[in-house]
Amino acid sequence: MEIGFSVYLGEPFDEDYIETMLDQGCRYIFTSLQIPEEDEKVYLTRLAQLAQINAHRARIIADVNTDTLARLDLSLEEPQSIEDAGIDIVRLDEGAEIDVLADYVEQKHAVMLNASTDAFRILRALSDRAISQENILVAHNYYPRPETGLDRSFFQHINERLKGAFPEIQIMAFVQGTKLRGPIYRGLPTLEAHRNMHPLAAAAELESDLCDIACIGDSQIDNFLIQQFNHYVKQRKVLLRTDLNQDSPYLGTYHNRLDVARDVVRAEEARRQLKDEVIPQNAVERPTGTITLDNHLYGRYMNELQITRTDLPADAAVNVLGHIEPKDIDCLNLIASGTAFQLIGREEEDHGL
């Protein structure tokens with residue numbers, strides 16, 4: 001899975017954020033040239049500024065339609081005009097004429113089609129003309145208004161159909177950020193089920209649904225979330241914020257057992273590493289996200305460290321140590337067979353790990 005992020009030309013650039021995202025390995029920057037609330041007159045100037053900051057480290061995707069291109073004196077029939085504007089990939093919200101599009105792609109220029117609407121039709125037409133698809137990507141829309149995001153079964157069907165016919169095509173979709181974008185400020189996800197979901201958990205679901213690129217639709221994600229994405233994408237390690245103090249002996253990195261339990265995450269290393277006698281205490285109810293340690297009443301299971309995946313009742317043999325922060329509960333779904341996870345204390349989070 002690759003990660004992209006969005007930069008909007010009608011907003012002041014946060015160069016520190018852009019640099020951080022590029023340093024973390026993001027290779028796609030999405031922007032739009034057709035937002036009704038923005039002044040189109042600033043687009044080309046701001047695009048040039050963005051291209052200068054980017055310095056060819058990521059590919060800039062510009063969401064356009066044929067009318068927008070014409071108003072900005074850009075044209076698929078004059079590819080140099082698009083290249084000079086700082087655009088690496090033209091994302092067509094409305095398809096151009098097939099002949100024009102075919103010529104543009106044949107000249108080794110990249111386009112991104114609308115996955116949810118006309119991508120399949122255009123791909124078929126280009127395929128019939130023996131046009132190479134190495135410079136063609138597809139992307140689903142994001143949906144600012146609640147209740148309008150895509151149904152996941154429809155999304156899966158579209159992606160399966162695209163990948164079945166064109167297996168090399170890269171598919172992009174959006175997850176919401178932590179700094180939400182106006183004017184509605186309700187997130188910019190592709191799937192309605194992902195509105196208000198943890199962005200990393202949403203991105204992992206996109207990957208399981210055959211997406212190659214998960215793009216942050218909103219203006220930013222916060223610093224800790226950047227770290228969570230970085231660790232998961234590069235190491236497949238899940239960072240989990242907890243209410244444990246920084247000096248807790250139970251913080252650190254573990255791996256879920258290979259034989260995955262239904263109700264809990266089981267830290268494979270805990271019983272080998274933790275040797276102290278565990279006296280029964282704080283054996284209370286265990287809602288989802290509870291971090292627990294088995295006490296001596298469980299015999300040879302003493303020092304087994306777990307995180308609950310579901311609500312569980314109190315057990316006299318299980319001590320409650322603390323809890324995963326509510327904002328990271330969704331990330332428990334990322335922990336599969338053998339997955340690494342790291343428990344982060346409150347002060348560690350405050351100091352950016």
Side-chain angles (χ1 to χ4, degrees), residues 1-15 17-22 24-38 40 42-44 46-65 68-69 72 74 82-83 85-94 109-117 119 135-144 149-150 169-182 184 187-191 194 199-200 202-203 206-207 211-221 225-226 229 233:
M1 175 174 63
E2 295 188 273
I3 305 301
F5 65 104
S6 298
V7 176
Y8 294 99
L9 305 177
E11 301 174 346
F13 291 156
D14 185 335
E15 292 193 31
Y17 174 73
I18 295 172
E19 289 290 345
T20 298
M21 296 298 279
L22 292 172
Q24 294 296 331
C26 293
R27 292 296 173 258
Y28 296 93
I29 301 174
F30 174 85
T31 193
S32 178
L33 305 186
Q34 51 173 348
I35 295 178
E37 297 84 13
E38 294 181 345
E40 287 184 353
V42 306
Y43 279 161
L44 294 182
R46 300 287 280 165
L47 260 176
Q49 294 170 350
L50 178 59
Q52 184 174 18
I53 296 169
N54 177 45
H56 301 290
R57 288 174 288 176
R59 302 177 77 185
I60 296 176
I61 305 166
D63 188 48
V64 301
N65 59 42
T68 304
L69 288 174
L72 296 174
L74 305 176
I82 293 173
E83 185 177 329
I87 299 170
D88 298 300
I89 303 173
V90 175
R91 198 270 177 160
L92 294 167
D93 189 46
E94 297 176 6
H109 300 292
V111 298
M112 181 173 273
L113 307 176
N114 190 323
S116 305
T117 56
N135 291 309
I136 305 174
L137 303 86
V138 301
H140 294 272
N141 294 332
Y142 58 58
Y143 295 89
L150 295 184
I169 290 292
Q170 287 194 300
I171 302 175
M172 186 177 86
F174 294 89
V175 299
Q176 71 178 54
T178 51
K179 181 180 178 182
L180 304 185
R181 191 172 189 282
I184 298 178
L188 297 176
T190 291
L191 295 182
H194 289 171
L200 177 56
L206 294 182
E207 184 180 30
C211 280
D212 305 283
I213 307 163
C215 186
I216 310 300
D218 286 291
S219 300
Q220 287 189 16
I221 53 175
L225 191 53
I226 292 172
F229 266 97
V233 171

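When atom types are taken as modelled, the side chain of N135 and the backbone of A110 share no donor-acceptor pair closer than 3.5 angstrom. In this structure a side-chain-to-backbone donor-acceptor pair under 3.5 Å is present from T190 to N141. Remark: side-chain polar atoms of Y17 are paired, donor with acceptor, to backbone N or O of I221 under 3.5 angstrom. Looking at R27, its side chain never comes within 3.5 Å of a backbone N or O of E2 through a donor-acceptor pair.
Of all heavy-atom pairs between T31 and Y8, the closest is OG1-CA, 4.1 Å. Of all heavy-atom pairs between G86 and A51, the closest is CA-CB, 4.1 Å. In terms of heavy-atom proximity, F13 sits nearest to V7 at CE2-CG1, 3.4 Å.
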**Request:** Might you work through the side chain to side chain contact (heavy atoms under 4.5 Å, CB included) test for I87 and L74, ending with a clear yes or no?
**Result:** CA-CA 11 Å; I87 299 170; L74 305 176; 4.2 Å; yes
**Request:** Tell me, with the steps shown, if I216 and Y142 meet side chain to side chain contact (heavy atoms under 4.5 Å, CB included).
**Result:** CA-CA 10 Å; I216 310 300; Y142 58 58; over 6 Å; no
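Screening residues 46-58 for salt bridge (Lys or Arg N to Asp or Glu O under 4.0 Å), with sequence neighbours left out, gives E19-R57.
With sequence neighbours excluded, no residue satisfies salt bridge (charged side-chain N to carboxylate O under 4.0 Å, His left out) with E15. Partners of E83 under the salt bridge (charged side-chain N to carboxylate O under 4.0 Å, His left out) rule, at least two apart in sequence or in another chain, do not exist in this structure. Listed by chain and residue number, S116, N159 satisfy the side chain to side chain donor-acceptor pair (under 3.5 Å) test with H140 (two or more places apart in sequence, or in another chain). Remark: Q34 engages D63, N65 in a side chain to side chain donor-acceptor pair (under 3.5 Å) (not counting sequence neighbours).
R91 forms no cation-pi arrangement with F30, by the criterion of a distance under 6.0 Å to the ring centre and an angle within 45° of the ring axis.
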Which side-chain N or O atoms in residues 170-179 pair as donor and acceptor under 3.5 Å with protein atoms at least two apart or in another chain?
from : atom 1 : to   : atom 2 : distance (Å)
Q170 : OE1    : Y28  : OH     : 3.4
Q176 : OE1    : N196 : N      : 2.9
T178 : OG1    : D222 : N      : 2.7

